[in-house]
Student: 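Here it is, the structure, as structure tokens.
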Amino acid sequence: MKGGSNKLKYYWESSGLWDDIGGQRDNRKVVGGVKNEINKKDDQLFARAYVTQIATKGKLILWGAKINSLIDKGQLWRLATSSILHANIGHLMVNSYSLNSIGPAVEGICGPKRFLAVYIASAIASSAMSYRFCKAPAVGASGAIFGLVGSFTVFILRHRSLNEAGWQDLQHIAQVIVLNLVIGTLTKGIDNWGHLGGLLGGAAISWFVGPAWEFVHGTGTKPVFVDRAPIRLLFHRQRILK
């Protein structure tokens, strides 16, 4: 409904979310009271985990890495813990930079609870696909970060009528994904299966938990929107914005 799309576009512009999905992407904006708290805590968790890895002389990484033979023996926690560990300082810095590049925008449009759900689900999906298709041990947050890219892609697809540059955003995202997968294929030690699993997991959970804003009607000068995410319909709970 074209009229609804125009009013929804007005909402995004007036709320400040437009800058996160449009051309400026000012990640310093506070959207709906969200201050990218989860994203910052993830960064701190990475750093603390790496310091602990050094302090324990590698024992932590042996305890938490994705090692297929140990997962076969029932150590299922490795599907989650491997995403907070890193092989070296360079690995940590690259993933921290990547997280800070995409994380604030995703947390801004999803909110902290959904961001956390997307991140954890992406991390586990990444490890699960790596476990299925890659025998080598693995650590790193890149799979979860690919999941955030998948989440952002779903958001753009759902709300592409709001943003004239939406298809350009999708083309840029596609180029980044393809480039990273090509680099991963040509470079030893990079787990492309983990990246792909995280990407698909992030897209799937984001489709389920939303947000999926839909214009309903207007009251005076203010449009009214309902979050039609499947999880809300499943539990018969809808979030309304006025």
Side-chain angles (χ1 to χ4, degrees), residues 36-104 106-107 112-152 176-177 180-181 183-206:
N36 300 316
E37 296 174 358
I38 304 297
N39 187 73
K40 292 179 180 178
K41 288 179 180 178
D42 282 345
D43 251 351
Q44 294 170 2
L45 180 61
F46 292 166
R48 289 172 181 172
Y50 190 72
V51 170
T52 306
Q53 287 176 218
I54 296 174
T56 59
K57 298 180 180 180
K59 291 181 180 179
L60 179 64
I61 202 167
L62 290 175
W63 172 84
K66 188 225 77 174
I67 302 175
N68 290 8
S69 61
L70 296 179
I71 293 174
D72 289 339
K73 294 180 180 179
Q75 297 184 13
L76 300 181
W77 67 80
R78 294 175 180 274
L79 296 175
T81 55
S82 58
S83 66
I84 64 174
L85 304 174
H86 291 85
N88 51 57
I89 189 65
H91 189 202
L92 172 65
M93 292 178 67
V94 167
N95 279 344
S96 293
Y97 175 81
S98 300
L99 178 63
N100 280 288
S101 295
I102 186 67
V106 176
E107 188 175 353
K113 292 181 180 179
R114 283 192 275 210
F115 178 88
L116 188 60
V118 169
Y119 189 88
I120 293 175
S122 300
I124 294 174
S126 169
S127 296
M129 183 164 281
S130 176
Y131 166 76
R132 176 64 180 82
F133 295 105
C134 180
K135 295 180 180 180
V139 292
S142 54
I145 294 167
F146 262 81
L148 299 181
V149 174
S151 175
F152 190 75
V176 170
I177 293 172
N180 277 275
L181 291 177
I183 292 174
T185 301
L186 299 176
T187 306
K188 292 182 179 180
I190 294 181
D191 185 1
N192 258 351
W193 287 112
H195 292 170
L196 182 60
L199 180 70
L200 296 177
I205 191 67
S206 187

Student: Would you name the heavy atoms of A49 and L85 that are closest together and state the gap between them?
Tutor: CB-CD2, 4.3 Å

Student: What distance do I71 atom CD1 and R78 atom CZ have between them, rounded to the nearest 0.5 Å?
Tutor: 7.0 Å

Student: For S151 and S206, work out which heavy atoms get closest and say how close.
Tutor: OG-OG, 3.0 Å

Student: List the atom of V139, the atom of A65, and the distance in Å for their closest heavy-atom pair.
Tutor: CG1-CB, 3.5 Å

Student: What are the two closest heavy atoms between S130 and W193, and how far apart are they?
Tutor: CA-CB, 4.3 Å

Student: Looking at L79, is its backbone amide N or carbonyl O close enough to the side chain of S83 to form a donor-acceptor pair, meaning the two atoms are under 3.5 Å apart?
Tutor: no

Student: Measuring from N100:CG to N95:CG, what's the distance to the nearest 0.5 Å?
Tutor: 11.0 Å

Student: Do you know the tightest heavy-atom contact between S126 and G143?
Tutor: OG-CA, 3.4 Å

Student: Among pairs that include at least one residue of residues 51-75, which meet ring pair (Phe, Tyr, Trp, His ring centres under 6.0 Å), considering only residues two or more places apart or in two chains?
Tutor: W63-W77

Student: Can you tell me how far CD1 of I84 sits from CD1 of I61, rounded to the nearest 0.5 angstrom?
Tutor: 11.0 Å

Student: Taking C-beta and beyond as the side chain, do L148 and F115 meet within less than 4.5 Å on heavy atoms?
Tutor: yes

Student: Considering residues at least two apart in sequence or located in another chain, which fulfil the ring pair (Phe, Tyr, Trp, His ring centres under 6.0 Å) criterion with H86?
Tutor: F46, H91

Student: Nearest 0.5 angstrom please: D191 CG to M129 CE, how far?
Tutor: 10.5 Å

Student: Between atom CD1 of I54 and atom CD1 of I89, what is the distance when rounded to the nearest 0.5 Å?
Tutor: 6.5 Å

Student: I need the I145 CD1 to S98 OG distance, nearest 0.5 Å.
Tutor: 5.0 Å

Student: Using atom types as modelled and distance alone, determine if a side-chain donor or acceptor of K66 lies under 3.5 Å from a backbone N or O of A128.
Tutor: no

Student: Where do D72 and Y131 land on the side chain to side chain contact (heavy atoms under 4.5 Å, CB included) test, with the steps shown first?
Tutor: CA-CA 10 Å; D72 289 339; Y131 166 76; 2.3 Å; yes

Student: Shortest non-hydrogen contact from S127 to S82?
Tutor: OG-OG, 3.1 Å

Student: With sequence neighbours left out, which residue pairs that include part of residues 132-146 fulfil the side chain to side chain donor-acceptor pair (under 3.5 Å) condition?
Tutor: S142-H195

